[in-house]
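Let me begin by presenting the structure, written as structure tokens, before commenting on it.
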Amino acid sequence: MASVTKEQVLAALADVADPDSGQNVIAAGLVSGVVVRDGNVGFALEVDPDDGAAKEPLRKACEVAVERLPGVLSVTAVLTAERPSGGPARPQGQAHGHTPGGQAGAAGQAQPGAQLLPGVKSVIAIASGKGGVGKSTTAVNIATAMASQNVRVGLLDCDIYGPSIPRMLNLSGQPEVVGERTLRPMANYGIKCMSIGFLVAEDTAMIWRGPMVMQALEQMMRDVEWGELDVLLCDLPPGTGDAQLTMAQRVPLTGAVIVSTPQDIALLDVTRGINMFQQVNVPIFGVVENMSYYVCPECGHRAELFHHGGARETAQRLGVDFLGEIPLDMAIRTTSDSGHPIVVTQPESPHAAAYRRIASGLIDKASAAVGGAGRAQPRIVMM
Ligand code: ADP
């Protein structure tokens with residue numbers, strides 16, 4: 001099927017009426033930053049921050065209009081507000097053509113993350129298009145690999161729906177409160193860690209509403225004594241829904257890593273993941289292929305269970321880096337699930353070496369990114 005074009009997307013959006021202005025959303029100048037890539041479409045709707053919740057039906061209507069186009073695989077529309085805190089809002093209906101997070105919104109504006117994580121040099125998201133691909137296992141092993149290279153590293157478990165990092169780092173109990181309302185991160189294997197899992201039981205079903213998610217996240221950044229860190233890794237919840245998109249924007253990310261298994265279906269999710277970060281102007285550091293192949297522990301035979309190398313091909317096609325591959329191996333599972341990551345317990349293993357290579361690549365990318373000009377930050381209106 002032919003890929004959808006930007007012109008088709010704009011034409012579809014021109015059929016969506018903005019009830020406030022009485023014009024269509026294009027004529028009203030609400031749409032910016034249209035990105036079309038291999039059937040994945042993203043764009044921003046610029047609104048007054050105070051109108052955020054009221055504009056949600058319009059955002060949805062825009063997504064639906066574009067979803068109907070043939071050749072569209074995914075649509076991500078975000079609400080953005082260009083107004084700096086306390087400053088005047090951009091008049092509605094004014095035409096503009098920058099991408100979300102582009103220069104216009106960021107001029108003279110402090111990075112929102114600056115106050116949240118003052119001593120942290122770089123923040124890297126570990127994300128995945130769907131659950132169960134080994135995202136947390138990868139995050140923990142990359143963190144321990146970084147620590148083994150004398151990098152001051154923290155791990156923020158943003159997976160509020162299924163926080164598994166405490167178990168994987170063999171951490172339990174509750175963080176100490178220091179001062180008025182600051183929590184001291186828990187620590188093991190040289191990694192400082194904070195997780196909602198320390199505050200609620202792992203098997204407690206939590207119903208999180210949007211604002212609660214953001215509040216919890218902000219507290220885990222701002223009200224935690226992270227101290228000086230070279231890298232803070234953020235294990236995001238799996239998927240590319242609204243919660244992830246909001247987090248990708250609200251956490252002051254230096255870059256993002258997407259973890260995927262080689263199955264084709266997961267690779268579609270990779271595209272969605274990449275698209276999501278591009279929407280909020282977060283650089284993609286690259287893709288890791290997990291459970292890439294299987295080495296028989298008995299005879300050493302290497303078997304490709306799925307179409308091995310798919311993530312590398314997808315990365316190449318989408319113009320992002322391939323960071324490395326990790327095999328499907330019982331030892332990775334047992335060490336990770338028991339809280340003794342393989343990088344720590346079997347540092348001589350080829351798997352530990354593979355994690356260290358990925359970690360080194362990320363450290364280089366993070367240093368290069370923070371050494372350069374600061375990233376422009378979009379502002380997204382929270383529901
Ligand atoms: P996610 O964070 O993507 O939901 P997890 O990291 O929790 O996934 O991993 C899901 C399960 O897969 C865990 O039991 C974990 O130990 C296992 N696992 C992850 N990566 C590997 C691997 N490379 N080889 C074997 N098992 C793995």
Side-chain angles (χ1 to χ4, degrees), residues 124-145 155-171 189 191 193 195-197 202-203 206 233-241 243-244 247-248 256-263 265-270 272-273 276 287-298 300-312 322-347 349-359:
I124 303 175
I126 312 288
S128 65
K130 63 170 200 174
V133 300
K135 172 182 52 58
S136 301
T137 302
T138 307
V140 161
N141 277 295
I142 289 176
T144 46
L155 183 49
L156 174 58
D157 186 2
C158 301
D159 193 348
I160 42 154
Y161 303 107
S164 51
I165 298 289
R167 180 171 41 87
M168 290 184 176
L169 280 180
N170 199 20
L171 285 168
Y189 307 126
I191 301 164
C193 174
S195 167
I196 208 80
E202 196 178 342
D203 55 1
M206 297 276 293
L233 295 173
C234 293
D235 186 26
L236 291 193
T240 47
Q244 290 81 355
M247 284 187 191
V257 173
I258 315 245
V259 179
S260 170
T261 57
Q263 294 95 311
I265 183 73
L267 295 177
L268 236 191
D269 294 327
V270 172
R272 280 198 200 103
M276 177 178 85
V287 175
V288 172
E289 186 171 276
N290 189 37
M291 310 189 198
S292 190
Y293 54 91
Y294 176 70
V295 180
C296 172
E298 302 295 324
H301 172 70
R302 173 173 163 150
E304 318 286 343
L305 292 179
F306 302 105
H307 170 53
H308 164 237
R312 184 190 290 271
F322 181 72
L323 297 169
E325 58 194 21
I326 304 291
L328 175 71
D329 191 298
M330 182 70 93
I332 295 179
R333 192 183 72 72
T334 49
T335 51
S336 157
D337 293 353
S338 68
H340 303 92
I342 197 159
V343 167
V344 178
T345 50
Q346 300 176 30
S349 65
H351 309 329
Y355 283 119
R356 283 195 297 269
R357 270 195 302 279
I358 294 171

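Note that these values count all heavy atoms, side chains included, but never hydrogens, waters or copies made by symmetry. Computed from a predicted model, the values in this text were never measured in an experiment. Start at 1 and go down the list; that is how both ligands and their atoms are numbered.
Side-chain atoms of His340 and Ser338 form a donor-acceptor pair, as typed in the model, at a separation below 3.5 Å.
Between the side chain of Asn290 and the backbone N or O of Val133, at least one donor-acceptor pair lies under 3.5 Å. Panel note: side chain Arg312, backbone Glu289; no donor-acceptor pair is recorded below 3.5 Å.
In summary, of the residues considered (Thr335, Leu169, Asp157), a side-chain contact (heavy atoms from CB on, under 4.5 Å) with Val140 occurs for Leu169 alone.
Ile332 has its side chain within reach of Tyr355: a pair of non-hydrogen atoms, C-beta onward, lies under 4.5 Å apart.
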Enumerate the pairs of nitrogen or oxygen atoms, one from ligand 1 and one from the protein, separated by less than 3.5 angstrom; state names and distance to 0.1 Å.
from, atom 1, to, atom 2, distance (Å)
ligand 1, 2 (O), Lys135, N, 3.4
ligand 1, 2 (O), Ser136, N, 2.9
ligand 1, 2 (O), Ser136, OG, 2.9
ligand 1, 3 (O), Gly132, N, 3.3
ligand 1, 3 (O), Val133, N, 3.1
ligand 1, 3 (O), Gly134, N, 2.9
ligand 1, 3 (O), Lys135, N, 2.8
ligand 1, 4 (O), Gly132, N, 2.9
ligand 1, 6 (O), Ser136, N, 3.3
ligand 1, 6 (O), Thr137, N, 2.8
ligand 1, 6 (O), Thr137, OG1, 2.7
ligand 1, 8 (O), Gly134, N, 3.1
ligand 1, 14 (O), Asp337, OD1, 3.3
ligand 1, 14 (O), Asp337, OD2, 2.8
ligand 1, 16 (O), Asp337, OD1, 2.8
ligand 1, 16 (O), Asp337, OD2, 3.4
ligand 1, 20 (N), Asn290, ND2, 3.0
ligand 1, 23 (N), Asn290, OD1, 2.9
ligand 1, 23 (N), Pro327, O, 2.8
ligand 1, 24 (N), Asp329, N, 3.0
ligand 1, 24 (N), Asp329, O, 3.3

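Residues passing the salt bridge (Lys or Arg N to Asp or Glu O under 4.0 Å) test with Asp235 are Lys135, sequence neighbours excluded.
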